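Order of the sequence lines fixes the chain letters, A, B, ..., with proteins taken first and strands second; residue numbering starts at 1 for each chain. What you see is a predicted model, and the numbers here were worked out from it, not measured in a lab.
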Amino acid sequence: MLRQLEGSKAIAETVALCRPEVVCAYPISPQTHIIEAIGVKVKEGSLAPCEYINVESEFAAMSVSIGASAAGARAYTATASQGLLFMIEAVYNAAGLGLPIVMTLANRAIGAPINIWNDHSDAMAVRDSGWIQLFAETNQEAADLHVQAFRLAEELSVPVMVCMDGFILTHAVEGVDLMDQATVDRFLPTYEPRQVLDPDDPVSIGAMVGPEAFEEVRYLAHLRQLDALDYIPVIAEEFAALTGRASGGLIHPYRTEDADTVVVALGSVLGTIKDAVDRLRDGGQRVGVLGIASFRPFPIAAVRDALARAHRVIVVEKAFSLGMGGVLATDVSMATLGSSAVLNTVVAGLGGRPIAQHSIETMIEQAIRGELADLTFLDLDEGVIARERARMARTRRSGPFAENVLRDISQTREDRS
Amino acid sequence: MSEQRVHFYQVGSFAVGNRLLSADDRTVQSSPHRTNSIDSGHRACQGCGEALGARYALDAAMRATNGQLLAVNATGCLEVFSTPYPETSWRIPWLHSLFGNAPAVATGVAAAMRVKGRSDVRVVGQAGDGGTVDIGFGTLSGMFERNDDVLFICYDNEGYMNTGVQRSAATPPAARTATTDVVGAEPGNVFGQGKDLPRIAMAHDIPYVATATVADLHDLEQKVERAMSFRGARYLHVFVPCPLGWGSASNETIHLARLAKETGLFPVFEAEYGVVTNVSPIRRPAPVEEYLKLQRRYAHLFGPKGRPDIVARLQGIADANIARYGLLPERDELDSREDD
Amino acid sequence: MERPFAITLDVGTSRANHTGSWRVERPVYVDRLPPCNNACPAGENIQGWLYEAESGGYEAAWRKLVENNPLPAIMGRVCFHPCESACNRAEVDEAVGINAVERFLGDTAIEHGWSFPEPGADTGKRILVVGAGPAGLSATYHLRLMGHQVRLVDASAKLGGMLRYGIPAYRLPRAILDAEIARIIDMGVEVVLNHTVHDIDVERREGEFDAVFLAVGAQLGKRVNIPAGDSSKVIDAVSFLHQVADEDPPMLGRRVVVYGGGDTALDAARTARRLGATDAVIVYRRNRDKMPAHAEEVEQALGEGVTVRWLSTVDRFESERLVLEKMRLNADGFPEATGEYEELDADSLVLALGQDTDLSLLEGNANVEVNDGVVQVTPTMMTNEGGVFAGGDAAPSDRTATVAVGHGKRAARGIDAYVRGEEFASGDRHELATADRLNTWYYADAPRTERPELERIRRQTNFEEVIGGLTEENALFEARRCLSCGNCFECDNCFGVCPDNAVVKLGAGHRYEFNYDFCKGCGICVRECPCGAIEMVPERI
């Protein structure tokens with residue numbers, strides 16, 4: 001049933017259809033609308049049986065989820081940004097214990113400086129945690145990914161994080177075709193835990209493992225991620241057969257068949273990039289787009305195949321590794337290893353900076369002309385940077401960098417007015 | 001039978017068992033069929049009070065729940081010595097997640113049991129004092145505040161022993177730890193700091209809070225039993241001497257626990273809904289020296305360069321506890337209690 | 001269930017880790033000698049029979065008791081219980097009332113008619129026991145248990161020796177005495193009464209006895225030369241008490257003076273009171289602290305109106321007037337004459353100045369050594385003459401009934417070994433369970449149950465028993481006050497306090513054992529054992 005509704009609401013409705021048994025809630029923007037809506041459902045009784053627990057922190061949210069999952073309950077929570085970082089120890093732990101928790105990550109920048117707006121820094125901070133990380137391009141896909149996430153998590157005993165851009169998706173109202181209960185039930189069987197706390201069959205979960213077996217434990221976890229590479233397309237196909245929607249899967253190629261230049265990206269920005277690519281195609285440029293739906297496990301073979309004909313690969317990403325460069329780009333470069341394609345990294349949209357279609361178009365054109373730097377920050381205010389660097393050069397201690405930049409920007413505005 | 005009323009059982013009030021008692025009146029630990037929640041082969045130090053306390057508490061909980069028990073454990077000695085791959089000593093379902101989240105994990109387990117309609121299955125969370133009063137305090141307070149159906153047990157050995165004896169907020173004043181060394185004007189841990197977690201727990205108005213020691217098994221088991229008769233958040237603080245961290249002889253573990261209670265340094269009591277309902281009176285009063293002298297962590301207080309002033313301050317703490325909880329009732333009352 | 005590798009582990013796996021290898025000392029269970037047992041002249045396993053009594057197993061307790069002493073109802077009355085003086089419970093509160101429980105068991109056995117075990121298979125050996133007092137009766141009992149034939153001879157008309165003729169009925173009712181003697185005789189004993197043995201060698205040869213036990217007692221009251229008028233009535237205490245026992249009491253008048261400071265003096269004075277004396281006065285040359293009589297006997301006598309002239313000796317007895325000389329104690333505690341005299345009205349004087357043994361039956365034997373009026377014996381009570389044993393008051397001893405019972409047992413063992421041509425080997429004595437071995441924390445405070453005393457007024461006028469018995473409830477309570485020093489009583493402490501579950505409980509009556517695969521040697525079990533029945537020994541590495 002197609003409905004116009006906020007992304008968060010669509011997620012809440014869909015998660016409810018997945019019959020979670022324990023939902024932990026600790027509020028953080030821009031995740032709040034999701035847990036609020038689920039809370040209403042539990043409290044009014046439309047989602048039952050389900051325990052909705054208002055915890056005291058994200059650390060507790062993930063910890064409660066760990067306990068619930070280990071005791072055999074389907075557990076769900078949602079967070080963003082600082083919240084994810086606050087629970088990071090438990091995030092790793094959930095993966096290490098192989099607990100199939102599903103968590104929505106309403107992607108948001110990480111401070112300082114504190115910033116509530118969207119980028120992918122939070123997701124990148126836990127990319128090595130052992131969670132499967134799926135990125136949604138649209139609210140429809142975000143909703144659909146949650147159904148697939150529970151299936152995937154429980155099939156493989158691996159936790160799954162559904163990443164959706166904060167505000168851009170969570171707070172956007174658009175048409176979403178919500179599934180019905182029967183369809184979800186058909187797709188998502190009852191949770192059968194691989195291991196469970198059971199008085200009738202006691203085991204010890206969470207042993208201390210020393211050098212003699214730790215590497216094997218880690219390698220086995222890696223293999224499980226590789227298993228997911230096989231399994232994600234299977235369930236995406238099954239899902240498509242059931243719903244007619246191509247949500248999920250490993251990658252989303254768009255007009256790449258004959259593309260010389262392919263732009264690679266995660267999440268909602270793919271829509272803007274596709275519009276730009278369409279415009280450039282109209283202008284005769286052979287440009288395509290490759291959306292990465294599964295960031296972890298990273299579908300290295302699928303990406304390699306998709307980029308096999310490209311001469312130029314531009315990775316647009318909403319996060320970067322300070323002192324190094326792109327994160328996604330590094331992964332993509334492993335897929336293009338040995339190819340002669342040129343790789344550009346474009347960092348864009350940090351802290352909610354709008355990514356304008358014309359900026360993307362200009363950037364792609366620059367790249368095609370060979371004028372794009374290997375690492376480019378889209379729409380960077382070069383004037384601010386230059387002045388701040390000059391100030392830093394004059395005094396050893398220039399005060400907090402972020403405040404200086406803010407002061408400089410407001411000064412510039414005053415100068416203009 | 002006629003008026004046979006012989007209350008005296010040779011031993012019984014304090015000993016583990018007693019062949020003269022009826023089976024119902026014996027401790028869980030006296031039974032050859034006890035769970036042995038922690039099995040032999042664990043790697044705790046010789047004379048470990050925590051290994052003992054955990055077995056006491058969990059075996060009692062197993063009896064109270066007819067074996068329908070799930071345990072969540074924080075990181076720490078208890079976890080490390082019990083579950084080094086490939087060997088576990090736990091005979092009960094047991095989950096270890098992290099150092100600071102055992103109360104929250106226990107909440108999750110309890111929520112799972114509730115949602116699955118398994119109200120018969122009860123949940124115990126457990127941690128050392130570090131995992132309880134320090135790093136786990138936030139999640140513990142959250143669990144208390146929500147009144148989640150968890151019995152949380154702190155095995156208090158007054159420091160971070162697993163990491164090599166560092167100070168925790170449960171380390172008593174003057175005690176030597178690796179991070180409160182016996183140097184400077186105030187050697188050992190400083191006065192005026194630390195958390196009294198049982199009282200903090202009481203401030204949450206949860207159904208049941210109690211303290212106990214490994215020296216009084218009957219009392220400890222009865223408190224576990226009592227705790228299991230409530231639903232909601234419950235807290236049991238068990239005093240467990242640590243031969244390694246305290247520098248005490250391995251055979252003194254129970255004796256030290258007994259002295260901690262008899263000196264008044266560790267008040268043993270129980271409280272319901274924030275109100276103290278029962279205290280264990282001191283039976284054979286002892287000065288704090290008797291307790292302190294058995295431990296190398298207090299060695300700097302004695303001898304030629306001793307610090308009687310600091311010992312006096314510690315005695316002051318004991319005296320304050322005795323006054324606060326009324327640990328020294330009239331001798332007559334004590335006698336009549338023991339006759340019953 | 002497919003479990004994750006390494007992270008999830010199965011129950012029971014830690015038992016592969018044998019932590020016993022950490023150990024440098026190992027705990028071992030020991031039995032230590034309880035101080036009561038150590039102090040008991042009769043060699044009773046007091047802790048052992050109290051253990052049985054604690055659970056109400058009175059018959060089992062009695063059976064354990066009579067393994068060593070066949071006269072519990074008697075000893076429960078007349079023994080001066082050195083066991084209680086040694087009892088470690090005095091460190092906690094007061095000594096256990098062992099004697100009272102013993103009496104309770106003895107009386108209960110009589111009440112229920114419990115009998116001794118069947119005598120052992122006949123060995124064909126014949127033993128002559130001379131004297132049917134506590135030593136002779138004890139030896140007879142043990143010899144019968146061993147299967148030897150016994151002829152028990154006594155010069156008196158009734159069995160019992162000093163138990164009958166020396167101890168007044170108010171301390172030992174005759175029904176009790178008769179019952180316990182009868183139980184021994186019922187084991188099949190040839191009894192010859194009113195028979196005085198004049199020559200032991202002749203008696204032995206003619207009767208073809210393989211061995212002889214001399215338990216003739218000390219029946220002769222010591223006489224001292226006290227000038228006395230012809231009309232003055234002077235009698236020795238032994239004769240006095242003997243005549244009373246024969247229900248033919250001498251007429252002593254209203255004012256009776258007893259000279260001496262031992263238990264016999266007290267018995268005589270108290271008996272005199274019961275026979276109607278208005279004044280029963282003891283004259284003793286030292287003070288109360290130095291008095292050899294047992295304190296509780298003195299207490300009872302004073303309570304009955306007996307008075308004492310301390311620091312006095314009898315100088316002479318002129319018709320109805322006794323002249324006493326005052327004494328004082330010198331620096332060494334010995335009495336010295338002061339030369340001061342005083343007078344005391346008296347109808348009669350009873351001399352209680354000690355007893356001698358009549359050993360005329362040994363005069364024909366050159367081998368048996370007699371020193372200081374008593375027969376010298378080996379630890380198994382044998383004299384220098386092969387097969388001739390001696391015990392009780394006739395041998396060097398404290399001359400109490402309990403010592404005599406112990407002599408009887410030891411002599412029986414010695415005789416048994418002798419007639420078998422063996423050397424008697426006593427078992428190793430365990431190390432003493434001293435108070436410092438105990439962890440008294442575990443014993444709850446429980447005051448001793450005092451036996452009810454007969455109202456004083458009643459016991460001044462008749463021979464009814466002075467000390468009453470315990471009720472069953474009291475006896476049980478008293479038995480449970482036993483600390484079980486040095487002997488496991490299955491309190492489960494070691495089983496409970498082991499942090500490594502390395503103590504195995506073997507079930508009721510079977511105690512425990514250590515599982516050294518897992519015992520780390522921490523020693524908590526030793527520290528927390530209430531009764532000191534575990535010790536640490538160095539591990540051989």
Trainee: Can you name the residues of residues 117-124 of chain B that have some heavy atom under 4.5 Å away from a heavy atom in chain A?
Mentor: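 So far as heavy atoms go, B:Val121 are the residues that approach chain A to under 4.5 Å.
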Trainee: For the pair B:Leu98 and A:Phe59, evaluate side-chain contact (heavy atoms from CB on, under 4.5 Å) and give the outcome as yes or no after the intermediate values.
Mentor: CA-CA 11 Å; B:Leu98 296 169; A:Phe59 180 59; 3.8 Å; yes
Trainee: Side-chain contact, heavy-atom cut-off 4.5 Å: B:Leu69 with A:Pro199?
Mentor: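 They are not in side-chain contact.
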Trainee: Which residues from residues 204-217 of chain A are near chain B, with near meaning under 4.5 Å between non-hydrogen atoms?
Mentor: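 Answer by number: A:Ser204, A:Ile205, A:Gly206, A:Ala207, A:Met208, A:Val209, A:Glu212, A:Ala213.
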Trainee: Tell me if a side-chain donor or acceptor on B:Lys116 pairs with a main-chain N or O of A:Gly72 at a distance below 3.5 Å.
Mentor: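 Answer holds: yes.
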Trainee: Pick one of side chain, backbone, both or neither for A:Leu97, based on which atoms fall under 4.5 Å of a heavy atom in chain B.
Mentor: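 Contact with chain B involves the side chain of A:Leu97 alone.
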Trainee: Would B:Arg146 and A:Glu56 count as a side-chain contact (heavy atoms from CB on, under 4.5 Å) if you check the C-alpha gap in whole Å, the side-chain angles of each, and the deciding distance to 0.1 Å?
Mentor: CA-CA 10 Å; B:Arg146 290 185 301 270; A:Glu56 73 280 2; 2.7 Å; yes
Trainee: Would you name the heavy atoms of B:Thr107 and A:Ile53 that are closest together and state the gap between them?
Mentor: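 Closest pair (atom of B:Thr107, atom of A:Ile53, distance): CG2-CD1, 4.0 Å.
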Trainee: Can you tell me which portion of A:Asn54 sits under 4.5 Å from chain B's heavy atoms? Options are side chain, backbone, both or neither.
Mentor: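 Answer is backbone: N, CA, C or O of A:Asn54 sit under 4.5 Å from chain B.
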Trainee: What are the two closest heavy atoms between A:Pro202 and B:Ile92, and how far apart are they?
Mentor: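 Minimum heavy-atom separation between A:Pro202 and B:Ile92: CB-C, 3.7 Å.
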Trainee: Anything in residues 19-36 of chain A with a heavy-atom distance to chain B below 4.5 Å? Please list those residues in order.
Mentor: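 Within residues 19-36 of chain A, near chain B: A:Glu21, A:Val22.
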Trainee: Could you list which of residues 61-70 of chain A have a heavy atom closer than 4.5 Å to any heavy atom of chain B, in residue-number order?
Mentor: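 The list, in residue order, reads A:Ser63, A:Val64, A:Ile66, A:Gly67, A:Ala68, A:Ala70.
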Trainee: For side-chain contact (heavy atoms from CB on, under 4.5 Å), just list the numbers for B:Gln68 and A:Asp200, CA-CA rounded to whole Å, side-chain angles, deciding distance to a tenth of an Å, and then say yes or no.
Mentor: CA-CA 8 Å; B:Gln68 300 300 300; A:Asp200 298 327; 4.0 Å; yes
Trainee: At a 4.5 Å cut-off on heavy atoms, which part of B:Ala106 comes close to chain A: side chain, backbone, both, or neither?
Mentor: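 Contact with chain A is absent: no heavy atom of B:Ala106 under 4.5 Å.
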